[in-house]
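Quick note on labels: first sequence line is chain A, next is B, and so on, each numbered from 1.
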Amino acid sequence: GQNIDQPTEMTATEGAIVQINCTYQTSGFNGLFWYQQHAGEAPTFLSYNVLDGLEEKGRFSSFLSRSKGYSYLLLKELQMKDSASYLCAVSRNRDDKIIFGKGTRLHILP
Amino acid sequence: EAGVAQSPRYKIIEKRQSVAFWCNPISGHATLYWYQQILGQGPKLLIQFQNNGVVDDSQLPKDRFSAERLKGVDSTLKIQPAKLEDSAVYLCASSLDFRGLNTEAFFGQGTRLTVV
């Protein structure tokens with residue numbers, strides 16, 4: 001089966017850095033996605049990690065450790081518009097099934 | 001490039017009624033997903049198509065939910081009869097490749113269903 005865990009809510013201050021962790025257990029792991037979802041909107045793609053290590057994309061970075069079943073999303077120089085839910089999702093290699101965690105609601109304070 | 005199109009955006013029905021949602025994926029995308037997202041939770045996969053074949057429907061409540069993907073393009077998701085707990089946003093997503101190659105999923109705006 002699959003199990004994906006991430007914190008339910010986090011709060012951070014504008015201009016700061018925040019790290020959102022995700023742990024997973026799944027059979028046939030292929031890669032790990034991070035999606036951003038603003039309230040009332042569809043999820044939008046942020047990153048996809050297949051190999052171990054850190055991938056940086058502007059203010060956002062994503063890290064993966066396959067051996068530990070662990071990933072994190074790092075957001076730097078936080079802006080108010082970063083207030084959203086951040087969804088960790090696992091892709092399975094035998095059928096491309098994408099399974100989502102419950103999401104982490106990030107609140108940014110001025 | 002046009003995104004994933006879904007309709008309707010909103011739907012309110014009474015319990016025991018039926019409802020259908022429509023999805024047009026991005027042109028050329030072989031894989032199509034239907035997700036159910038209850039308020040405050042992550043999307044839950046209901047069914048996954050590869051072209052017009054079902055890859056996974058293990059979490060689809062088949063006594064009341066059905067889905068099809070005619071000709072491997074558009075898809076419809078139907079609920080009959082609806083229950084109060086079906087109130088959720090129904091998201092359609094599509095991705096280009098299969099078998100683990102570039103499987104980023106693009107989402108439509110969703111259909112917000114309220115069952116009263």
Straight-line distance of [X] [atom1] to [Y] [atom2], nearest 0.5 Å:
X	Y	atom1	atom2	value
Glu104(B)	Leu46(A)	CD	CG	10.0 Å
Phe107(B)	Tyr35(A)	CZ	OH	5.0 Å
Gln48(B)	Arg92(A)	CD	CZ	8.5 Å
Ile98(A)	Thr31(B)	CD1	OG1	8.5 Å

Look at the side-chain heavy atoms of Ile, Leu, Val, Met, Phe, Trp and Tyr, link any pair under 4.5 Å apart, and say whether [X] and [Y] land in one connected group.
X	Y	value
Leu77(B)	Val4(B)	no
Leu54(A)	Ile17(A)	yes
Leu75(A)	Leu64(A)	yes
Leu60(B)	Ile79(B)	yes

Revision key, fill the gap. For Ala42(A) and Gly108(B), the nearest pair of non-hydrogen atoms, with its separation, is CB-O, 2.8 Å

**Study point:** Shortest non-hydrogen separation from Ser58(B) to Lys97(A) and the atoms involved
**Key:** OG-NZ, 3.7 Å

Within a radius of less than 6.0 Å around [atom1] of [X], do more than 12 heavy atoms belonging to other residues, nucleotides or ligands occur?
X	atom1	result
Gln17(B)	CD	yes
Leu84(B)	CG	yes
Lys62(B)	NZ	yes
Ile12(B)	CD1	no

Exercise for review: Using the test ring-ring contact (aromatic ring centres under 6.0 Å, His included), find all partners of Phe49(B) that sit at least two apart in sequence or belong to another chain.
Suggested key: none

Check your understanding: In terms of heavy-atom proximity below 4.5 Å to chain B, should Gln37(A) be classed as side chain, backbone, both, or neither?
Key -> side chain

Review point. Can you name the residues of residues 109-116 of chain B that have some heavy atom under 4.5 Å away from a heavy atom in chain A?
Key: Gln109(B), Arg112(B)

